[in-house]
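Below is one structure, written out as structure tokens; the observations come after it.
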Number of protein chains: 2
Amino acid sequence: MLTRKQHELLRFIQTRLDETGISPSFEEMKDALDLKSKSGVHRLISALEERGFIRRLPNRARALEVLRRADEGGQTTAPAANSNVVPFARPEAAAPAPAADVIEIPLHGRIAAGVPIEALEDQAILPVPAALLGAGEHYALEVSGDSMIEAGILDGDFALVKRTEIANDGEIVVALVRGEEATLKYLRRENGMIRLDPANAAYEPQIYAADEIKVQGKLAGLLRRYFH
Amino acid sequence: MLTRKQHELLRFIQTRLDETGISPSFEEMKDALDLKSKSGVHRLISALEERGFIRRLPNRARALEVLRRADEGGQTTAPAANSNVVPFARPEAAAPAPAADVIEIPLHGRIAAGVPIEALEDQAILPVPAALLGAGEHYALEVSGDSMIEAGILDGDFALVKRTEIANDGEIVVALVRGEEATLKYLRRENGMIRLDPANAAYEPQIYAADEIKVQGKLAGLLRRYFH
DNA sequence: CTTAATTGTTCTCAGAATGTTCACAAGTGG
DNA sequence: CCACTTGTGAACATTCTGAGAACAATTAAG
């Protein structure tokens with residue numbers, strides 16, 4: 001149904017939409033596919049549209065919409081966005097071939113440790129029941145500190161985080177502060193500012209300018225281990 | 001589907017409606033987006049309307065309505081009638097060879113529900129990362145109630161329990177009281193009696209004769225799911 | 001009813017960002 | 001060889017964003 005390049009582009013658009021909610025521009029798609037001209041992207045977009053995988057508004061910037069998803073290899077079939085999702089080709093089992101209902105996600109280190117997440121190399125891999133997660137890309141962090149203790153999140157727990165830059169008020173997010181420090185906190189917006197609320201009366205809410213905070217994911221699950 | 005600014009505005013409108021129920025005015029949206037002119041807002045609103053994300057009444061003040069949310073899920077996650085359906089049900093029992101580091105344990109139902117655990121047939125199976133558990137036989141229970149909230153165990157969490165009748169003071173155990181009721185509590189012994197301590201100041205510790213209590217297992221792990 | 005305040009609408013100017021199209025070249029498979 | 005896809009480069013067209021101001025519509029107050 002789709003050529004290699006078309007499929008690659010469709011998958012890029014999907015994840016971009018899932019994670020940021022903002023359509024990529026032709027320029028961005030060009031870079032993502034490692035092309036040097038936008039016209040190639042234009043042809044691929046036209047092909048995808050012709051085949052009914054995406055919809056678009058002509059002459060409008062960043063106005064793409066995915067109608068049929070390319071199947072996420074290895075991931076849970078995304079029930080997510082569109083109700084008229086038609087699961088597409090199921091690629092032959094992704095390389096690591098985990099059990100059907102288990103997803104393997106990278107463990108990126110500890111959070112609230114003063115280090116941006118991206119900087120950490122991931123070595124450990126944590127298998128997680130698929131039922132615990134929704135669609136999308138996830139990763140795990142070990143929680144450090146007791147700032148979220150009243151939300152039932154304890155020191156040493158493993159937070160399962162869905163990678164996204166989108167979050168609603170009141171959700172627990174991984175927030176990167178001034179590109180330096182990653183924390184797990186309740187997110188709340190107040191007239192242009194962003195407030196990070198801990199769940200511990202001993203800590204104070206912190207207020208930042210919107211451009212000081214980058215949301216890197218939202219809390220999707222939690223694992224805890226009691227060692228006896 | 002949306003440009004950065006369109007997305008930003010849509011999200012602002014959403015949270016404003018969620019939190020106050022009142023549409024923002026153009027002036028307020030202008031400030032929220034850090035603009036100095038309302039005309040920009042007007043164009044963004046038109047774009048959002050054209051793309052079907054909002055609806056509005058022309059020439060009416062604060063008459064916005066969000067049709068499609070900016071969120072990834074987009075759709076208003078179907079209310080899904082039964083709130084206490086265990087989402088782990090897996091029809092095919094055809095053991096699909098779990099990955100090496102995954103253990104499959106039975107899900108026995110809810111605890112603190114007034115029913116002895118043994119009585120429940122187990123249908124659902126929960127795959128769990130082996131790293132979370134030690135040696136021994138394990139099973140899972142869905143936690144009901146808030147009596148262990150101060151131990152970071154919330155209603156709806158899944159407790160991973162190691163089957164054993166031996167437990168030390170201070171450990172969290174599944175205790176069967178008079179053969180009738182199973183509860184998750186801190187175990188403590190006091191001169192021949194057994195005390196079950198909740199982790200919630202609103203509940204009282206309960207004291208029983210030693211032969212009224214049977215330990216059915218000790219808490220070995222915890223899973224939680226956040227649905228967004 | 002008149003006035004004032006609030007709010008929404010439209011227009012113009014300008015630069016940046018983005019999408020569209022065409023011509024040409026190269027690779028692939030039947 | 002042909003049909004088709006892919007890649008490149010550049011010119012071109014349109015949209016997007018931001019600002020400022022004038023004006024219209026609606027609402028609240030006197």
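All heavy atoms count here, side chains included; hydrogens, waters and symmetry mates do not.
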- Give the nucleotide from the list D/dT6, C/dG8, D/dC16 with an atom nearest to the side chain of A/A61. D/dC16
- Message: If I take atom CD in residue B/E27 and atom C1' in nucleotide D/dG20, what distance separates them, rounded to the nearest angstrom?
- Response: 13 Å
- Message: For C/dG19 and A/R60 - does any side-chain N or O of the residue sit under 4.0 Å from the phosphate oxygens OP1/OP2?
- Response: no
- Which comes earlier along DNA chain C counting from the 5' end, the contact point of B/S25 or that of B/R43, where each point is its nearest nucleotide? B/S25
- Query: How long is the line joining CZ of B/R4 and C1' of C/dA16, in whole Å?
  - Reply: 14 Å
- Message: Does this structure show an ion pair linking A/K185 with A/D197, if we count only N-O contacts that are shorter than 4.0 Å?
- Response: no
- Toward the 5' end of DNA chain D, by each residue's nearest nucleotide, B/N59 or B/K38: B/K38
- Interatomic distance where NZ belongs to B/K30 and C1' belongs to C/dT6 [whole Å]: 13 Å
- Note on the structure: Testing D/dG20, D/dG9, C/dG19 for proximity to the side chain of B/S37, the answer is D/dG20
- Classify the nucleic acid contact of B/G40 as base, sugar-phosphate or nothing, counting any heavy atom under 4.0 Å across all strands shown. nothing
- Could you tell me whether the phosphate oxygens of C/dT20, OP1 or OP2, come under 4.0 Å of any side-chain nitrogen or oxygen in A/R56? yes
- Task: Using atom CG of B/L2 as one end and atom P of D/dT17 as the other, report the distance to the nearest whole Å.
- Result: 10 Å
- Task: For the residue pair B/L219 and B/I153, establish whether any side-chain heavy-atom pair is separated by less than 4.5 Å.
- Result: yes
- Item | Within-4.5 Å side-chain heavy-atom neighbours: A/T183 and A/V174 | no
- May I ask you to check whether B/R224 and B/Y226 show a side-chain donor-acceptor distance below 3.5 Å? yes
- Separation of atom CG in B/D34 from atom P in D/dT17, rounded to whole Å: 15 Å
- Task: Take the protein atom CZ of A/R51 and the nucleotide atom C1' of D/dC4, then report the distance between them rounded to whole Å.
- Result: 11 Å
- Item | For atom CD of A/E28 and atom C1' of C/dA16, their distance in whole Å | 15 Å
- A/S39 side chain: which of C/dC22, D/dG7, D/dA19 is closest? C/dC22
- Check whether any side-chain N or O of B/T3 sits under 4.0 Å from OP1 or OP2 of D/dT17, and answer yes or no. yes
- Which of the following nucleotides, D/dG18, C/dG8, C/dT20, is nearest to the side chain of A/P58? C/dT20
- A/H42 side chain N/O closer than 4.0 Å to the phosphate oxygens (OP1, OP2) of C/dG19? no
- Query: How long is the line joining CG of B/L64 and P of C/dT9, in whole Å?
  - Reply: 10 Å
- Any luck finding a side-chain donor-acceptor pair between B/Q6 and A/R62 under 3.5 Å? no
